Trainee: 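The structure follows.
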Amino acid sequence: MKTMTNKRSPESISMSRIRLVEVGGIIVSLVFTSFFAYKYLINPHINTNANTTKYQIIYDAIKSYAIEGTIVDRDGNTILGNAAAETRATADYPQNLSYAWLLGYYSVNDHRQNSFGLRGNLKDYLLFQLDKNNQGALVKLTTNTDLQNYAYQLLNGTEGSITVLDNQTGEILCLSSQSTVDFNVNDPDSMLASNVTESQYRRGTFEKDPPGSTFKVVTAAAALTMQEDENLDDSFFQFNDTGSYIPAGSNFVITNFQNQVFGTIDMNTALAKSCNCYFADLGIRVGADKLSKMMNAFMVGKDITIPYLDTIHSSYNIGNNDNAELAQTAFGQGNTTITPLHIAMMAQAIANDGVMLQPQIVKSIQSDGRTLYRSSKNSLSTTTTHNVNEKLKEYMHSAALEYGLTESGYGMVYAKTGTAECANNRIHSYMMGFTDRYSFCISANNNDGSAELYGITQRLVRYLNSLY
């Protein structure tokens, strides 16, 4: 009897070998794909050094012929341009100073990135998105250059900022900043070499301090909403001011500015005169829950993104219904911190019938005739009802008259001052407000109070009215 053997045919053996080669090829391809995906796609996002190395390699490869993209304002006027291969774009005077804190810089050398402002955040478009002429993308901002320059002139070296927003769109028409050192955008090396504390500090977006009496409009909004919801009589807003106020259960004494005494007042007078005692008492009667709800409606305590520029932060902590803490919060002190840009957004929301819009600074990005990005109007929050908002406008107009913003000279203006007492005996003062078209916040450090901003506000409002 013969033993049968199971021999594989030459064809079968060849097919097996082919399959092994195919499987091996797939495995090798997956390994290489995974390696390069990790190295160039994943690792740069989780490893700063790897990300810098990636940009260093790209920049070294194109720097001999790449031309930095141009940045223009809303009307197409060049802000930063005239670049050539191996020569970065520049700005003419006075834009080289007035726009410096907005534009910032970007460079990569020795595997280290130096990145700040719009140029840093837009590097992928301005330097690495080249058209057929080897030039980076054209970036159009929402700003008005004449207004930006004028606001910078108004600051006159004062440590602070001026922000102007379009009421209907949330677009930033102006964000002028003055910090502890001068910054010429044509000479970023001087900024990089600076060891001055807070030298790289755009005050309109980075500076977080108590909002001072500008916050009284939020407390007023919470109280007016409470009146509407609970059908309260106007007597709810009457208060007898004696010049000092001690929250129940505490020994914390609250006084008015310069120890003023106002007697029997209502909300309209209290907001115009900025009576601390009135709003301390009102905040306690409204309560922490309702005040917190209104703060959230005004986006206080929430991060707000400005595409391609920054994310602004704010915070608050009323505590466990502690009356002293609640009273301080209600008139703009306590543990609330907010940026000047956010205060301008509070004004914009009231100007826009209670709808707060996302701020925009980049209007469009284009390359080779293609639109790579275009901003769009985006609502962040509805703060109040129409009726509550109309009362806020009425009260803020009364306050504006207190600051010399009369209808005959400045048209309809709505405003509220604020003076915040900060650490190290530093005073931070504000003027927030709006006209029919624009909202604004003027912010200044190290002065004697918000009354010093009356003149600047009058000049700014007159200029805004001249735009249209």
Side-chain angles (χ1 to χ4, degrees), residues 142-144 147-148 150-151 154 161-176 204 211-218 220-221 224 268 271-272 274 297-300 304 332 338-360 377 379-386 388-418 429-443 450 453-454 456-468:
T142 61
T143 57
N144 178 306
L147 174 60
Q148 179 79 8
Y150 185 71
L154 284 179
S161 63
I162 296 178
T163 305
V164 179
L165 306 175
D166 185 291
N167 292 342
Q168 303 299 316
T169 66
E171 292 180 340
I172 298 173
L173 276 81
C174 159
L175 206 173
S176 187
S213 292
T214 62
F215 188 83
K216 289 171 182 172
V217 299
V218 178
L224 290 167
N268 193 0
L271 197 69
S274 206
F298 276 95
M299 301 294 289
V300 180
I304 301 172
I338 194 168
T339 61
L341 174 57
H342 197 155
I343 293 175
M345 292 175 61
M346 289 162 49
Q348 176 273 313
I350 300 168
N352 194 38
D353 200 27
V355 179
M356 180 177 282
L357 302 173
Q358 181 181 33
Q360 306 283 346
K377 183 176 175 179
S379 298
L380 295 177
S381 174
T382 298
T383 57
T384 60
T385 65
H386 173 74
V388 167
N389 199 72
E390 286 300 300
K391 288 183 179 178
L392 285 176
K393 290 176 68 175
E394 176 189 341
Y395 299 162
M396 289 182 70
H397 179 59
S398 296
L401 297 177
E402 289 283 323
Y403 316 142
L405 298 167
T406 58
E407 293 177 43
S408 59
Y410 303 96
M412 286 295 287
V413 188
Y414 313 82
K416 183 68 194 81
T417 56
S429 59
Y430 309 93
M431 176 74 80
M432 67 174 283
F434 55 93
T435 64
D436 289 338
R437 292 292 300 265
Y438 308 113
S439 303
F440 58 86
C441 177
I442 303 171
S443 160
S450 54
L453 302 182
Y454 289 6
I456 293 177
T457 305
Q458 291 162 4
R459 293 166 63 190
L460 178 64
V461 169
R462 189 181 294 116
Y463 189 91
L464 292 176
N465 287 337
S466 74
L467 291 179
Y468 287 92

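These numbers come from a predicted model, not from an experiment. Side-chain atoms are counted along with the backbone in the values below, which use heavy atoms only and exclude waters and symmetry mates.
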Trainee: How long is the straight-line distance from SG of C174 back to OH of Y463, given to the nearest 0.5 Å?
Mentor: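 Spacing of OH (Y463) from SG (C174) equals 9.5 Å.
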Trainee: Given 3.5 Å as the limit, does a donor-acceptor pair link the side chain of Q148 with the main chain of L175, or not?
Mentor: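 Confirmed, Q148 side chain pairs with L175 backbone.
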Trainee: Rounded to the nearest 0.5 Å, how far apart are NZ of K216 and OG1 of T417?
Mentor: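 Between atom NZ of K216 and atom OG1 of T417 there are 7.5 Å.
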Trainee: Taking T142 for its side chain and Q360 for its backbone only, find out whether a donor-acceptor pair lies under 3.5 Å.
Mentor: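 Yes.
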Trainee: Please give me the minimum heavy-atom distance between Y430 and I338, naming the atom from each residue.
Mentor: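 Shortest heavy-atom separation between Y430 and I338 comes out as OH-O, 4.5 Å.
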Trainee: Of the non-hydrogen atoms in F434 and M396, which two are nearest, and what is the gap between them?
Mentor: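 In terms of heavy atoms, the two residues are closest at CE2-CE, 3.9 Å.
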Trainee: Please give me the minimum heavy-atom distance between A415 and M431, naming the atom from each residue.
Mentor: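 Minimum heavy-atom separation between A415 and M431: CB-SD, 4.1 Å.
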Trainee: Show the numbers, then the answer: is there a side chain to side chain contact (heavy atoms under 4.5 Å, CB included) between V300 and V218?
Mentor: CA-CA 10 Å; V300 180; V218 178; 5.5 Å; no
Trainee: What distance do L147 atom CG and L464 atom CG have between them, rounded to the nearest 0.5 Å?
Mentor: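 Separation between the atoms: 6.0 Å.
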Trainee: Could you report the tightest heavy-atom contact between K393 and Y414, atom names first, then the distance?
Mentor: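 K393 and Y414 have their closest heavy atoms at O-CD2, 3.1 Å.
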Trainee: Verify, without hydrogens or angle tests, whether N167 (side chain) and T435 (backbone) share a donor-acceptor contact under 3.5 angstrom.
Mentor: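 It does hold such a pair.
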Trainee: Side chains of V217 and F298, heavy atoms from C-beta outward: is any pair under 4.5 Å?
Mentor: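 With C-beta onward as the side chain, the pair stays apart.
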Trainee: Supply the atom-to-atom distance L405 CG to M412 CE, rounded to the nearest 0.5 angstrom.
Mentor: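 One gets 11.5 Å once the value is rounded to the nearest 0.5 Å.
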Trainee: Have a look at F440 and tell me which of T163, L460, I343 forms a side chain to side chain contact (heavy atoms under 4.5 Å, CB included) with it.
Mentor: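 For F440, the side chain to side chain contact (heavy atoms under 4.5 Å, CB included) test succeeds with only one of T163, L460, I343, which is L460.
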Trainee: Can you check whether Y395 reaches K416 side chain to side chain, under 4.5 Å on heavy atoms?
Mentor: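 No; the side chains remain at least 4.5 Å from each other.
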Trainee: To check you understand the geometry: which heavy-atom pair defines the closest contact between L173 and L165, and what is its length?
Mentor: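 Closest pair (atom of L173, atom of L165, distance): CD1-C, 4.1 Å.
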Trainee: Would you say the side-chain atoms of T383 pair up with the backbone N or O of G354, donor to acceptor, closer than 3.5 Å?
Mentor: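 Here the side-chain-to-backbone pair exists.
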Trainee: Are any of the side-chain heavy atoms of S398 and L271 separated by less than 4.5 Å?
Mentor: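 In short, these two side chains do not touch, never coming nearer than 4.5 Å.
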Trainee: Could you go through the side chain to side chain contact (heavy atoms under 4.5 Å, CB included) check for E390 and E394 one step at a time?
Mentor: CA-CA 6 Å; E390 286 300 300; E394 176 189 341; over 6 Å; no
Trainee: Return the CD1 to OG1 distance between I172 and T143, rounded to the nearest 0.5 Å.
Mentor: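 Reported value, rounded in 0.5 Å steps: 9.5 Å.
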Trainee: I'd like to know whether M345 forms a side chain to side chain contact (heavy atoms under 4.5 Å, CB included) with M299, so could you lay out the CA-CA distance, the side-chain angles of the two residues, the decisive distance to 0.1 Å, and finally the verdict.
Mentor: CA-CA 9 Å; M345 292 175 61; M299 301 294 289; 5.7 Å; no
Trainee: Measure the acute angle between the ring planes of Y454 and Y403, then classify it against the limits of 30° and 60° as parallel, tilted or perpendicular.
Mentor: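 The arrangement is tilted - the two ring planes meet at 30° to 60°.
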Trainee: Evaluate side chain to side chain contact (heavy atoms under 4.5 Å, CB included) for T384 paired with K391, printing each intermediate quantity in order.
Mentor: CA-CA 11 Å; T384 60; K391 288 183 179 178; over 6 Å; no
Trainee: Restricting to non-hydrogen atoms, name the atom on Q348 and the atom on L357 that form the minimum distance, rounded to 0.1 Å.
Mentor: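 Here Q348 and L357 meet closest at OE1-N, 3.0 Å.
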Trainee: What distance do Q168 atom CD and D166 atom CG have between them, rounded to the nearest 0.5 Å?
Mentor: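 These two atoms lie 6.5 Å from each other.
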